[in-house]
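The next block holds one structure in the form of structure tokens; read it before the comments.
Computation of the quantities below employed the complete heavy-atom set of this structure, encompassing side-chain atoms and omitting hydrogens, waters and symmetry-equivalent molecules.
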Amino acid sequence: MRRREFIPLLGGAAVAPLAATAQTPPKIPRVGYIVGQSLTAAGHLIGALRQGLRELGWVEGRTIELEIRSAEGRPDRAAELVAELVGLKVDVLVTGVSWAALAAKNATRTIPIVMVAADPVGLGLVASLARPGGN
């Protein structure tokens with residue numbers, strides 16, 4: 001191979017890995033959110049979550065994805081909804097009711113869970129408020 005053929009080949013080889021890396025889209029975090037009531041009844045809660053995320057710089061559809069599920073007031077649906085969100089590989093689970101938090105705790109040991117619960121220690125969701133442990 002002559003020098004004039006080799007130099008362009010070398011330059012192309014150096015640029016190719018950079019081009020491939022630059023085209024990889026960043027991973028967008030997915031938040032799974034389970035509300036206890038209907039989506040209509042929980043509209044103000046969902047709106048508050050979206051507003052809070054926007055205030056922190058998270059833009060739904062661009063920098064974060066929300067997967068919202070409603071139990072329609074039926075605690076027996078919690079395990080099914082959590083399993084669906086775990087299957088979607090969400091990065092965090094948010095629950096608005098204690099029974100959904102219990103279903104989330106039973107479904108995963110690796111996905112972080114953010115919950116609303118009146119007595120998380122009494123329900124067995126956390127070891128203590130000072131040192132909750134788990135996920």
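- Rounded to the nearest 0.5 Å, atoms CG (Leu85) and CG (Asp91) are 12.0 Å apart.
- Nearest heavy-atom pair across Val116 and Gly96 is CB-O, 3.9 Å.
- Closest approach of Leu129 to Pro120, counting heavy atoms only: CD2-CG, 3.9 Å.
- Between Ser70 and Ser38, the closest heavy-atom pair is OG-CA, 3.4 Å.
- Membership of the apolar cluster around Leu49 extends to Val31, Tyr33, Val35, Leu39, Leu45, Ile46, Leu53, Leu56, Trp58, Ile64, Leu66, Ile68, Val92, Val94, Val114, as traced through chained side-chain contacts below 4.5 Å between ILVMFWY residues.
- For the side-chain contact (heavy atoms from CB on, under 4.5 Å) test, residues two or more places apart in sequence or in another chain that qualify with Ser128 are Ala130, Arg131.
- Residues Ala127 and Val121 come closest through the heavy atom pair O-CG1, 3.9 Å.
- The side-chain hydrogen bond (donor to acceptor under 3.5 Å, both in side chains) test applied to Lys89 returns no partner, not counting sequence neighbours.
- Grouped by direct or indirect side-chain proximity (heavy atoms under 4.5 Å, Ile/Leu/Val/Met/Phe/Trp/Tyr only), Val97 sits with Trp99.
- With sequence neighbours left out, the side-chain contact (heavy atoms from CB on, under 4.5 Å) criterion links Ala101 to Thr95, Met115, Leu125.
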Given the rule in the salt bridge (Lys or Arg N to Asp or Glu O under 4.0 Å) test, do Glu72 and Arg77 qualify, once you have shown the distances and angles that lead to the verdict?
CA-CA 8 Å; Glu72 300 288 334; Arg77 291 199 62 217; 5.5 Å; no

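- Between Gly57 and Thr63, the closest heavy-atom pair is O-OG1, 3.9 Å.
- Between the NZ atom in Lys105 and the CD1 atom in Ile111 there is a gap of 15.5 Å [rounded to 0.5 Å].
- Residue pairs satisfying the salt bridge (Lys or Arg N to Asp or Glu O under 4.0 Å) criterion with at least one member in residues 51-65, sequence neighbours excluded, are listed as follows: Arg50-Glu60.
- The CD atom of Glu80 sits 7.5 Å away from the CZ atom of Arg74 when rounded to the nearest 0.5 Å.
- When all heavy atoms of Ala79 and Ala103 are compared, the closest pair comes out as N-CB, 3.9 Å.
- With Glu67 as the partner, the side chain to side chain contact (heavy atoms under 4.5 Å, CB included) test is satisfied by one option alone out of Leu81, Leu88, Leu93: Leu88.
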